[in-house]
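Each remark here refers to the structure printed beneath this line.
Computation of the quantities below employed the complete heavy-atom set of this structure, encompassing side-chain atoms and omitting hydrogens, waters and symmetry-equivalent molecules. The structure presented is a predicted model; accordingly, all values stated were derived computationally and were not measured.
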Amino acid sequence: MAYAYWKNGTHARSAAFDLLFRKNPFNGEFTIFAGLEECLRFISNFTFTAADIEYLRNEPFAQTMEPDFFVYLAQLDCSELKVFAQLEGSVVFPRVPLMRVEGPLMIVQLIETSMLTLVNYASLVATNAARHRLMAGPDATLLEFGLRRAQGPDGGVSASRYAYLGGFDGTSNLEAGRQFGIPCKGTHAHSYVQSHRGFEDVGDSRLKLLDGTACPDFIALVREQMAVLNGIKDSLPDDLRWGETNEGELAAFTSYALAFPTNFLALVDTYDVLKSGMPNFLAVSLALHSLGYKPLGIRIDSGDLSYLSLRARELMQHTQDLLGAKRAEGFARLGITASNDIHEEVLHSLKMHGHAITSYGIGTHLVTCLRQPALGCVYKLVEIDGTARIKLSQDVEKVTIPGRKEAYRLYLKNGEPVVDVMLEGTEPPPQADARILCRHPFISTKRAFVQPARVERLYHLVWDGAGAGVPEGLDLDLLTARARCTASIKLMRSDHLRYTNPTPYKVSVSEKLYDFIHKLWLEEAPVGEIV
């Protein structure tokens, strides 16, 4: 197509394209915009190398192309482009373009696929993460554990980045942590426990203490604490008592605590959570506590997470009550992490049935977006040589809103956003405390006057190829986008965010733009003929 533009002499025509999506994902009514920083990095580095051109020359489809076309490609960059966009991390809605790209027709067209690829997945994962955060609540720790299930290593790193933007607290992906400064969290696998048959598999049992001294035999201390626990187990409710625990598991927890005394978090479901994993964890934790270390908690990766977390919390509480604050201070508040194929519906179920989980490790459903694997962003021509263009369809959802537009978010006196409204680029912006008629783009009877208390302009110049590229002062930092995501969601009405039957957020156009859309529609649509 690029060659056809060039061959036809239309490659340099002035064009504007909108990048937008038509429907919110996951049966919800909001989306988080992500991927802007990567788009701008792509644009700033866009060029055809000699190797690129040599490859293209040798492709079968290029055999009839004129040599001067490849000379032209070698000189091509994005210095004539301008990009206007909503800010990364913002809550966004269907039909309101995420970006408008302006410049010579061919180059604006050439970057289409890359721009869509960079925005589609990033926005989908960020939205998925934000929905998990809403369901888990603000106090839960959310950890992204999806690398091994992601679509390749690149997809895994991107998922970690945009899950963090969407509200997750950390990742198990060290490469993502290295690249983006995301906190890294994790614990051991079942295989670590299985690899221990008994204490003979534990190496050096000395443990260096916080004051610089050492415990000469941590294994002996763990055995002592297990004896203490066995001495109080008859005081526990019948269903929380245990018999003989798995000694290989106890040895594994001991060796792990020797390696990570300040970050001891044990996976307790290798054999039996309540009859082996929990007492073994408590014995090692009591040993650490007696030496001045504070254990972090447990992870449960199978079974009934609601029931097991509540019973584990009860056992922690009983241990603290029976042994006293000096020996078990803080045990009733130890962390309980759940993993095991968790997704939004599981979080909803746990909320309904009750649980004692403080942290979630979420992987497959988060990074693969199993519930909806694509956002469906599109990239549509809306203006050529200063003339607005429209794309028609029998499916009204696919009819584009023509021309260069500005978009504004209107807020009520209580601080909540009530509607996003698009105006023609030449229209004066809405004003606070002044009424504006907002119309549904295609349904004539859906209209309302809005008198906003505050007006927010949604589009910002994010790339000026003829100037400095990315404008000075534009903050593209991941932490900034993450904070913006959190703040944007807090502003939304709760019914727009709810899990079941959320209320659609209103997207509208001005009276002038509404009239123009339908005028252009009539001009471009063929007139039927009945004979």
Side-chain angles (χ1 to χ4, degrees), residues 15-24 29-31 84-86 90-100 102 378 380-461 491-493 496 503-527:
F17 281 73
D18 282 347
L19 192 156
L20 66 146
F21 64 101
R22 298 183 177 119
K23 186 177 181 180
N24 289 305
E29 290 298 343
F30 75 95
T31 299
F84 298 84
Q86 300 192 55
S90 298
V91 173
V92 293
F93 300 99
R95 291 198 175 279
V96 183
L98 306 176
M99 292 190 227
R100 183 175 72 250
E102 303 175 357
V378 294
K380 296 298 182 182
L381 177 72
V382 294
E383 186 179 288
I384 189 76
D385 293 333
T387 301
R389 306 302 296 151
I390 189 170
K391 192 270 180 193
L392 300 179
S393 172
Q394 291 183 344
D395 183 352
V396 175
E397 284 191 353
K398 293 190 175 182
V399 175
T400 60
I401 298 177
R404 301 187 195 205
K405 301 168 286 294
E406 292 295 336
Y408 301 88
R409 186 158 293 169
L410 308 185
Y411 292 81
L412 300 177
K413 290 180 180 180
N414 62 6
E416 293 175 345
V418 64
V419 63
D420 284 8
V421 58
M422 289 175 277
L423 283 67
E424 289 189 319
T426 57
E427 288 189 75
Q431 299 297 314
D433 300 320
R435 289 204 318 167
I436 177 175
L437 181 60
C438 297
R439 304 200 60 168
H440 188 284
F442 307 116
I443 302 175
S444 61
T445 56
K446 287 190 175 183
R447 53 186 180 167
F449 282 105
V450 179
Q451 184 170 322
R454 181 167 74 90
V455 177
E456 178 188 3
R457 185 171 188 153
L458 296 182
Y459 295 139
H460 303 262
L461 178 64
L491 289 174
M492 299 302 299
R493 263 190 3 228
H496 295 309
T503 304
Y505 180 82
K506 292 179 175 61
V507 171
S508 65
V509 297
S510 66
E511 179 80 355
K512 186 176 180 182
L513 182 53
Y514 176 88
D515 291 341
F516 179 68
I517 293 169
H518 292 269
K519 175 178 176 292
L520 190 58
W521 191 334
L522 291 175
E523 289 175 358
E524 296 292 342
V527 178

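- When side chains are defined from C-beta on, Val399 counts as touching Trp521, because their heavy atoms get closer than 4.5 Å.
- Within 6.0 Å of the CZ atom in Arg447, the count of heavy atoms belonging to other residues, nucleotides or ligands does not exceed 12.
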Per-pair distances, 0.1 Å, donor-acceptor, side chain in residues 431-444, under 3.5 Å, sequence neighbours excluded:
{"unit_1": "Gln431", "atom_1": "NE2", "unit_2": "Pro429", "atom_2": "O", "d": "3.2"}
{"unit_1": "Arg439", "atom_1": "NH1", "unit_2": "Glu511", "atom_2": "OE1", "d": "3.2"}
{"unit_1": "Arg439", "atom_1": "NH2", "unit_2": "Ser444", "atom_2": "O", "d": "2.9"}
{"unit_1": "His440", "atom_1": "ND1", "unit_2": "Phe442", "atom_2": "N", "d": "3.0"}
{"unit_1": "His440", "atom_1": "ND1", "unit_2": "Ile443", "atom_2": "N", "d": "3.1"}

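- Between the side chain of Lys506 and the backbone N or O of Pro504 there is no donor-acceptor pair closer than 3.5 Å.
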Table please: side-chain donor-acceptor pairs of residues 452-460 below 3.5 Å, with sequence neighbours left out.
{"unit_1": "Glu456", "atom_1": "OE1", "unit_2": "Tyr411", "atom_2": "OH", "d": "2.5"}
{"unit_1": "Arg457", "atom_1": "NE", "unit_2": "Glu406", "atom_2": "OE1", "d": "3.4"}
{"unit_1": "Arg457", "atom_1": "NH2", "unit_2": "Glu406", "atom_2": "OE1", "d": "3.3"}
{"unit_1": "Arg457", "atom_1": "NH2", "unit_2": "Glu406", "atom_2": "OE2", "d": "3.3"}
{"unit_1": "Tyr459", "atom_1": "OH", "unit_2": "Pro97", "atom_2": "O", "d": "2.8"}

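- With sequence neighbours left out, the salt bridge (Lys or Arg N to Asp or Glu O under 4.0 Å) criterion links Lys23 to no other residue.
- Between Arg100 atom CZ and Leu20 atom CG the span is 13.0 Å, to the nearest 0.5 Å.
- Counting heavy atoms from C-beta outward, Val92 and Leu98 have side chains that approach closer than 4.5 Å.
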**OP:** Please lay out, stage by stage, how Met422 and Val507 fare under the test side chain to side chain contact (heavy atoms under 4.5 Å, CB included).
**Re:** CA-CA 8 Å; Met422 289 175 277; Val507 171; 3.9 Å; yes
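- Put simply, OG on Ser508 and CG on Leu410 are 7.0 Å apart, with the number rounded to the nearest 0.5 Å.
- Rounded to the nearest 0.5 Å, atoms CG (Leu513) and CG (Leu520) are 10.5 Å apart.
- For Thr31, the side-chain hydrogen bond (donor to acceptor under 3.5 Å, both in side chains) criterion is met by Asn24, not counting sequence neighbours.
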**OP:** For side chain to side chain contact (heavy atoms under 4.5 Å, CB included), just list the numbers for Val382 and Ile401, CA-CA rounded to whole Å, side-chain angles, deciding distance to a tenth of an Å, and then say yes or no.
**Re:** CA-CA 7 Å; Val382 294; Ile401 298 177; over 6 Å; no
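- Partners of Tyr408 under the ring pair (Phe, Tyr, Trp, His ring centres under 6.0 Å) rule, at least two apart in sequence or in another chain, do not exist in this structure.
- Sorted by first and then second residue, the side-chain hydrogen bond (donor to acceptor under 3.5 Å, both in side chains) pairs with a member in residues 381-396 read Arg13-Asp385, Glu383-Arg404, Arg389-Glu524; sequence neighbours excluded.
- Among residues two or more places apart in sequence or in another chain, the side-chain hydrogen bond (donor to acceptor under 3.5 Å, both in side chains) test is passed with Arg95 by none.
- Between Leu392 and Ile390 the shortest side-chain heavy-atom distance falls below 4.5 Å.
- Judged as a ring pair (Phe, Tyr, Trp, His ring centres under 6.0 Å), and not counting sequence neighbours, Phe21 has no contacts.
- Inter-residue side-chain proximity for Val418 and Val450 is flagged as met; some heavy-atom pair is nearer than 4.5 Å.
- Aromatic ring pairs are classed by plane angle as parallel below 30°, tilted from 30° to 60° and perpendicular above 60°; the pair His496 and Tyr505 is perpendicular.
- Remark: Asn414 pairs with Glu416 by the side-chain hydrogen bond (donor to acceptor under 3.5 Å, both in side chains) rule, at least two apart or across chains.
- Using a 4.5 Å heavy-atom threshold, the side chains of Thr503 and Glu29 count as separate.
- Applying the salt bridge (Lys or Arg N to Asp or Glu O under 4.0 Å) test to Glu397 and every residue at least two apart in sequence or in another chain returns nothing.
- The shortest heavy-atom contact between Leu423 and Pro430 is CD2-CD, 4.0 Å.
- Under the side-chain hydrogen bond (donor to acceptor under 3.5 Å, both in side chains) criterion, Thr400 pairs with no residue, sequence neighbours left out.
- Screening residues 418-430 for salt bridge (charged side-chain N to carboxylate O under 4.0 Å, His left out), with sequence neighbours left out, gives Arg409-Asp420, Glu424-Lys512.
- Gly415 and Leu491 make their closest contact through O-CD2, 3.9 Å (heavy atoms, listed as atom of the first residue, atom of the second, distance).
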